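Accompanying notes for the structure given below.
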Amino acid sequence: TPDLGTEFLERPLANPLMNAAGVWCTLAAQLDALADSEAAAIVTKSCTLVRRDGNPEPRYRALPLGSINSMGLPNEGYLYYLDYAAHHDYDHKPLFVSVSGLSLDDNLTIVAALRDVVLPALLEINLSCPNVPGKAQPGYDFEAMDELLAEVATAYRRPFGVKLPPYFDFAHFDTVAQILNRYEHLAFITCINSVGNALIIDTGQESAVIRPKDGFGGLGGDYVLPTALANVNAFHRRCPTKTIIGCGGVRTGEHVFQHLLAGATLVQVGTALYEEGPGIFQRLARELAELMAHKGYRRIDEFRGRLKTL
Ligand SMILES: O=C1NC(=O)NC(C(=O)O)N1
């Protein structure tokens, strides 16, 4: 059988699979379930300085082709996740801590705290939550993003990564890649977060389907796979010294294969994990191995990043 083994930041991993920040990772019991699953790494729900209830419900809706959500960063506050990180067994599998402070100061406070506890946990700075009313995504404000990365890189002084929103224009791919390439400590790039501020309409009810923001929310699932693959490949081409983590639209082993072909090293699962639970990682690993066997690949590095063009 094919070997799903891979490497992330020089660390060997059993497979390229992990959860997407925010899904099945807000509470310790959920994170424990991921730690006990076939996922090779896990990431926490994006945390803020203080605990948040998040947006009013209904704020998540599963759809025939994916999901829409406007959770609003409900989380237990950063100290909860630092405590979880302090007790995690890093020899078993890596733990990422996702941080989504609501201000530059909040981000720097959390990042400094994570630095000072000196844990092997990996930092994923979320630049792309589309669902906090009144808060623009740093990922779409290039000057603010550049300032945030400069401050975080200076404060953290260790390898970290960013979770980007989707971009839809080569000028934006170029500008963002140019910014990211200036930060040596910036070791990985996770593409993409949900496609922000979509609107799903229930025809029968003649209504939006989630309460926050008049029904506008982040789109995930099958709807976003082509956009996710494009962003993975765009930053894979433009940031040769960075490791790309793919996220968006992964529901089958074939989708994992496509993210790897596009240049991803790890592949995160969001909507499909929300719907299927942590058992999904065993299914995705099996389906990826079957597809690799069918194609005659023994290892991931035989095809990773080798997307052909016409
Ligand atoms: O970064 C985020 N992306 C999402 O799609 N939703 C969550 C949230 O709303 O908390 N955050």
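None of these values were measured; they are calculated from a predicted model. Each ligand, and each atom within it, is numbered from 1 in the order the structure gives.
Of all non-hydrogen atoms in Asn193 and Ser128, the two that sit nearest each other are ND2-OG, 2.8 Å. In terms of heavy-atom proximity, Trp24 sits nearest to Ala33 at NE1-CB, 4.0 Å. Minimum interatomic distance between His259 and Val232 (heavy atoms only, all atoms of both residues): ND1-CG2, 3.6 Å.
Distance OH/Tyr223 to CD1/Ile200: 4.5 Å, rounded to 0.5 Å.
Contacts of ligand 1 (protein heavy-atom distance under 4.0 Å) are Lys45, Asn69, Met71, Gly72, Leu73, Pro74, Asn126, Cys129, Pro130, Asn131, Asn193, Ser194.
Side chain to side chain, Glu124 and Thr190 meet the donor-acceptor criterion of an N or O pair below 3.5 Å.
One N or O on the side chain of Asn181 and one on the backbone of Ala177 form a donor-acceptor pair closer than 3.5 Å.
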